[in-house]
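Heads up: the structure comes next, in structure tokens.
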Amino acid sequence: MDSTTQQRIDDLIATSPVYVFMKGNKLMPQCGFSNNVVQILTALAVPFETFDVLADPEIRQGIKEYSDWPTIPQVYVKGEFLGGSDILIEMYNSGELREKLAVALAS
């Protein structure tokens, strides 16, 4: 990934405490995994921003290198990569996600 793409990703993540790189957007997810993430964050009443990787091939590939994670969606909390759909589902079901978000958003 070139430095311009890395800087764009850094800048996007910095715009919101919770940021999701996904297929589609929070109003219209374009895959089931992205929809899962949107539903979980919405259920927790967490404000978040999204980036539609389908609209930008450089970011779509770059985010995979940035996080060293091969799949999308990808969720970042306060700049830290949290995981994708499966990880969020596990964290949500265990209650860990609610706690982590409460701490992150309170600081």
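Basis for what follows: all heavy atoms, side chains included, without hydrogens, waters or symmetry-related copies.
Under a 3.5 Å cut-off, the side chain of Q30 and the backbone N or O of M28 do form a donor-acceptor pair. Not one N or O on the side chain of K78 forms a donor-acceptor pair closer than 3.5 Å with the backbone of P17. K23 places no side-chain N or O within 3.5 Å of a backbone atom of P29 that could act as its donor or acceptor partner.
L105 and V20 fall within the same hydrophobic cluster, where Ile, Leu, Val, Met, Phe, Trp and Tyr residues are linked whenever their side-chain heavy atoms come under 4.5 Å apart, directly or through other members. Residues L44 and F48 share a hydrophobic cluster, clusters being chains of Ile/Leu/Val/Met/Phe/Trp/Tyr side chains in contact below 4.5 Å.
Distance CD/E90 to OG/S85: 10.0 Å, rounded to 0.5 Å.
Between Y76 and F81, the ring planes lie tilted relative to each other; the angle falls in the 30° to 60° range.
Using a 3.5 Å distance cut-off with no hydrogens or angles, the side chains of E49 and T15 do not pair a donor with an acceptor.
Side-chain atoms of V75 and L88, non-hydrogen and from C-beta on, do get closer than 4.5 Å to each other. Side-chain contact check for M22 versus L54: every heavy-atom pair is 4.5 Å or farther apart. Taking 4.5 Å as the limit, some side-chain heavy atom of F21 sits within range of a side-chain heavy atom of I13. In this structure, E80 and K100 have side chains that are in contact, with non-hydrogen atoms separated by less than 4.5 Å. Residues N36 and D86 fail the side-chain proximity criterion, which asks for heavy atoms closer than 4.5 Å. Contact check for F51 versus I63: no side-chain heavy atoms found under the 4.5 Å cut-off. For the pair M91 and L82, the minimum side-chain heavy-atom distance is below 4.5 Å. Taking the side chain as every heavy atom from C-beta outward, K64 and W69 never approach each other to under 4.5 Å.
Each of D2, I9, D10 was checked for a side-chain contact (heavy atoms from CB on, under 4.5 Å) with Q6, and the lone residue meeting it is D10.
Minimum interatomic distance between A104 and V77 (heavy atoms only, all atoms of both residues): CB-CG1, 3.4 Å. Heavy atoms only, all atoms of each residue included: Y92 and I40 are closest at CD1-CG2, 3.7 Å. Nearest approach of V37 to P73, heavy atoms of both residues: CG2-CG, 3.6 Å. Counting all heavy atoms, side chain and backbone alike, D52 lies closest to G24 at OD1-N, 2.9 Å.
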>> As a quick check of understanding, evaluate side chain to side chain contact (heavy atoms under 4.5 Å, CB included) for D56 and R8, giving each step before the final call.
In response: CA-CA 11 Å; D56 191 323; R8 285 182 62 208; 2.5 Å; yes

>> Before you tell me yes or no, could you show the steps for V38 and N25 under side chain to side chain contact (heavy atoms under 4.5 Å, CB included), namely the whole-Å CA-CA distance, both residues' side-chain angles and the distance that decides it to 0.1 Å?
In response: CA-CA 9 Å; V38 168; N25 60 53; over 6 Å; no

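No more than 12 heavy-atom neighbours from other residues, nucleotides or ligands sit within 6.0 angstrom of CZ on F33. Taking a 6.0 Å sphere around CG of N93, one finds it holds more than 12 heavy atoms contributed by other residues, nucleotides or ligands.
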